[in-house]
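For reference, the structure is listed below as structure tokens.
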Amino acid sequence: MARSIHKRVLPGFGLSLGFTIVYLSLIVLIPLSAVFLKTSTMTPNDFWEAVTSPRVVASYKLTFGASFLAACINAVFGLLLAWGLTRYTFPGRKIVDALIDLPFALPTAVAGIALTAIYAKNGWIGSLLEPHGVKIAFRPAGVLVALIFIGMPFVVRTVQPVLEDLEVEFEEAAASLGANRWQSFQRVVFPTLLPALLTGFALAFARAVGEYGSVIFIAGNIPMVSEITPLIIITKLEQFDYRGATAVAAVMLVISFAMLLVINMLQAWNARRYGRNV
Amino acid sequence: MTGFAATFDTRAHAVGKFEANAATRDASWVKFLVLGIGLSYFLIFLLLPLIAVFAEALRKGAEAYFAALVEPDALSAIRLTLLAAAISVPLNLIFGLAAAWAIAKFEFPGKNFLITLIDLPFSVSPVVAGLIYVLVFGRQGWLGSWLGEHDIRIIFAVPGIVLATIFVTFPFIARELIPLMQAQGREEEEAAVSLGAAGFQTFWRVTLPNIKWALLYGVILCNARAMGEFGAVSVVSGHIRGETNTMPLHVEILYNEYQFSAAFAVASLLALLALVTLVLKTYVEWRARRSVQEGREQ
């Protein structure tokens, strides 16, 4: 009874939900379904060949390997940075805090050419590494650098609010029971941070897997060596191989949906742990 | 909600409390080590690329810089970028308001599933986002022959660019509004309606003042992504100079033609846009935090 009254009191239910569903279907759901419908017109053999050709498999290894490594690096350093931003006062803290979101705001193509300029052999960092025989730009290492850039805010921004909300009482209790700072971090703080840290890791990984703009400039895009999966889709499209492009896109979509599921589960864990969403 | 973008946060932060307390204060060598490593990581991977954009843009002097910006192809790219944002942001704003109103103010089955679907575009690769419109509207696509007969171009034309931009910015405003409006509940609106306010009046006078900062925050982020999108737009654009090039695509073309200074000059405009976005975002968060605190004090 109470529910039906609510529906009647406020106006606009049919209009707002109807518009939401129509707009969602037209912009997102129907176009996305085109990938699976197009794939379903292929024979299983053709599909399997398209998604497991050596060049495509090499691109999966690079895309997922570099994304995983970048997410690991961002988890470690992002945690340190989040700790520094929430626990310590230092000059410029607010500016650093505001700039963390730069990879969300800076167009990926701009990030891509800027990173290439820095890591090319005559660039600021590239010229320092070149004499030691270390090359980053136009190699798989370049892909890693770009993915670290675009994934940087995720871990910082998921861990930061949890660190801020952490009551000092827990660490006081640990200290009064004789724990040193490291033991208190390891046994008290870190377990509390873990769900948020894993969520940030998963978000950075998911973002990195689909990333295109920042990577293609610095990668060099050498087939079998430094070619990422999204670029394979573009290349196939440019050769008018729509089926091949769609088959690889279907694989990527299935992986994205799986990642979305994992992230939702991690966030449910987060919400149970902290009583709110991160 | 999946945190694929910055999330609106109005809580007050107190950094000092950890340093003032002996139980949470780290040894000074730990502080220097953590800050040293953390800030080096920030400097190398984040700050340096930002500085490089401006340094490279101005390498050939101010004259070459401005020449690259007023060149006709650059101007037409700027116009198209503004147009794509001017269409996609308001549409996603209306969608965000409608979705948040339906989800926050009413009960219906499948609500959580709907929220997940709204977040979907964040987890789709930009390249796939472009591809899906090629599959629907492209020459070989579902509507390809019908569009061909009626001489309507969507792919490799402006409508395709707008559609791809709408897709990649789809969840931005909705995802800021939904959790906020859910937390605020519906008592205030119900009170207004029972006192005789019309639906639109209720929204304008009661709902909007409560959500204005989150709304503005979503619009700012949505706009930044709309103007900066590269992958999805690249697939549907066809890269026709002066016609279907947005600013990020123009940067790519100049860069691939080895016109590095010109590429960085256009890129510096986009980097400025990103900095303005961060400043506005920080300001909106600060204002929202202040209004929450004032609300508590009253």
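Letters A, B, ... are given to chains in the order of the sequence lines, protein chains preceding strands, and every chain is numbered from 1. No hydrogens, no waters, no symmetry mates; every other heavy atom, side chains included, goes into these values.
- At a 4.5 Å heavy-atom cutoff, the contact between A:A34 and chain B is made by backbone and side-chain atoms alike.
- With a 4.5 angstrom heavy-atom cutoff, B:L43 does not touch chain A via any of its atoms.
- Across every non-hydrogen atom of B:F264 and A:A117, the tightest pair is CZ-CB, 3.8 Å.
- Counting heavy atoms from C-beta on, the side chains of B:F42 and A:I100 come closer than 4.5 Å.
- The neighbour count for B:F32 CZ, taken as heavy atoms of other residues, nucleotides or ligands under 6.0 Å away, does not exceed 12.
- The candidate from B:A224, B:A52, B:A55, B:G96 with the greatest count of non-hydrogen atom pairs under 4.5 Å with chain A is B:A52.
- Residue contact with chain B, scored on non-hydrogen atoms closer than 4.5 Å, is absent for A:F170.
- To the nearest 0.5 Å, the span separating OG1 on A:T246 from CG on B:L135 amounts to 4.5 Å.
- Residues A:T20 and B:I103 have side chains not in contact (no heavy-atom distance under 4.5 Å, counting atoms from C-beta outward).
- Among B:A99, B:A263, B:G199, B:A198, the residue with the largest count of heavy-atom pairs under 4.5 Å with chain A is B:A99.
- The aromatic rings of A:F19 and B:F95 lie tilted to each other, with the angle between the two planes from 30° to 60°.
- Chosen from B:A27, B:A192, B:A129, B:A267, the residue pairing most often with chain A at heavy-atom distances under 4.5 Å is B:A267.
- For B:L33, no part lies near chain A; criterion is any non-hydrogen pair under 4.5 Å.
- Closest approach of B:G38 and A:L81 over heavy atoms only: O-CD1, 3.5 Å.
- Interface remark: A:P153 contributes no atoms to any contact with chain B (heavy atom separation under 4.5 Å).
- Checked against a 6.0 Å centroid threshold, the rings of A:F13 and B:F108 count as neighbours.
- A:R181 is not listed as a side-chain neighbour of B:V30, based on a closest heavy-atom distance of 4.5 Å or more.
- For the set A:V209, A:V35, A:V156, A:I148, the count of heavy-atom pairs under 4.5 angstrom toward chain B peaks at A:I148.
- Between chain A and the residues B:I37, B:L48, B:L163, the most heavy-atom pairs under 4.5 angstrom are made by B:L48.
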Let me see the working for A:L17 and B:L114 under side-chain contact (heavy atoms from CB on, under 4.5 Å), right down to the final yes or no.
CA-CA 10 Å; A:L17 187 65; B:L114 180 64; 3.9 Å; yes
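- The heavy-atom pair separating B:P248 from A:A109 by the smallest distance is O-CB, 4.1 Å.
- The distance from the CG atom of A:L237 to the OG atom of B:S234 is 10.0 Å, given to the nearest 0.5 Å.
- The shortest side-chain heavy-atom distance between B:Y41 and A:L80 does not fall under the 4.5 Å cut-off.
- Between the side chain of A:S256 and the backbone N or O of B:V124 there is no donor-acceptor pair closer than 3.5 Å.
- Contact of B:L275 with chain A is made through the side chain alone, with heavy-atom distances under 4.5 Å.
- Proximity to chain A involves both the backbone and the side chain of B:I51, based on heavy atoms less than 4.5 angstrom apart.
- Annotation: the span from B:T116 atom OG1 to A:N264 atom CG amounts to 5.0 Å, rounded to 0.5 Å.
- For chain A, the nearby parts of B:I94 are the backbone and the side chain; heavy atoms of each come within less than 4.5 Å.
- For a residue to count as touching a neighbouring chain, one of its non-hydrogen atoms must lie under 4.5 Å from one of that chain's; by this rule A:W182 does not touch chain B.
- A distance of 7.5 Å separates OG1 in B:T202 from CG in A:L10, rounded to the nearest 0.5 Å.
- Heavy atoms of B:F167 lying under 4.5 Å from chain A belong to its backbone as well as its side chain.
- Contacts between A:N74 and chain B at a heavy-atom distance below 4.5 Å involve backbone atoms as well as side-chain atoms.
- When heavy atoms are compared at a cutoff of 4.5 Å, A:L24 approaches chain B by way of both its backbone and its side chain.
- Only the side chain of B:L278 comes within contact range of chain A, with heavy atoms under 4.5 Å apart.
- Of the atoms belonging to A:A175, it is side-chain heavy atoms, and not backbone ones, that fall under 4.5 Å from chain B.
- There is no contact between B:A232 and chain A, counting heavy-atom distances below 4.5 Å.
- Within a 6.0 Å radius of CD in B:Q182, more than 12 heavy atoms belonging to other residues, nucleotides or ligands are found.
- Residue A:L37 touches chain B through its side chain alone, counting heavy-atom pairs closer than 4.5 Å.
- Nearest heavy-atom pair across B:D26 and A:Y88 is OD2-OH, 2.5 Å.
- In terms of modelled atom types and a separation under 3.5 Å, the side chain of B:K31 and the main chain of A:T89 share a donor-acceptor contact.
- Scanning both residues, A:L99 and B:L46, for their nearest heavy atoms gives O-CD2, 3.4 Å.
- Applying the 6.0 Å contact sphere to CG of A:L29 captures more than 12 heavy atoms from other residues, nucleotides or ligands.
- Contacts of A:F185 with chain B are absent, with no heavy-atom separation under 4.5 Å from either backbone or side chain.
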Apply side-chain contact (heavy atoms from CB on, under 4.5 Å) to A:I27 and B:Y133, showing your working.
CA-CA 9 Å; A:I27 300 288; B:Y133 292 110; 3.5 Å; yes
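- Counting heavy atoms from C-beta on, the side chains of A:I113 and B:F260 never come closer than 4.5 Å.
- In this structure, no portion of B:N112 lies under 4.5 Å from any heavy atom of chain A.
- The side-chain heavy atoms of B:F45 and A:I73, taken from C-beta on, include no pair separated by under 4.5 Å.
- Within the 4.5 angstrom heavy-atom criterion, no atom of A:I255 approaches chain B.
- Residues A:G213 and B:F230 approach most closely at CA-CD2, 3.4 Å, considering heavy atoms.
- Comparing B:T282, B:N256, B:T277, B:L35 by how many heavy-atom pairs each has under 4.5 Å with chain A, the most go to B:L35.
- Looking at B:E56, only its side chain comes within 4.5 Å of chain A, counting heavy atoms on both sides.
- Looking only at side-chain heavy atoms (C-beta outward), B:N92 and A:Y23 come within less than 4.5 Å of each other.
- The greatest number of non-hydrogen atom pairs below 4.5 Å with chain A, out of B:S125, B:A271, B:S268, is found for B:S125.
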Does the side-chain contact (heavy atoms from CB on, under 4.5 Å) test come out yes or no for A:Y242 and B:V134, once each step is laid out?
CA-CA 9 Å; A:Y242 287 94; B:V134 175; 3.4 Å; yes
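- Interatomic distance, A:K38 NZ to B:Q140 CD, rounded to the nearest 0.5 Å: 5.5 Å.
- Contact check for B:F170 versus A:V28: side-chain heavy atoms found under the 4.5 Å cut-off.
- For A:F90, the part sitting under 4.5 Å from any heavy atom of chain B is the side chain, from C-beta outward, and nothing else.
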Test B:F18 against A:L163 for side-chain contact (heavy atoms from CB on, under 4.5 Å), laying out the working first.
CA-CA 10 Å; B:F18 295 110; A:L163 267 177; over 6 Å; no
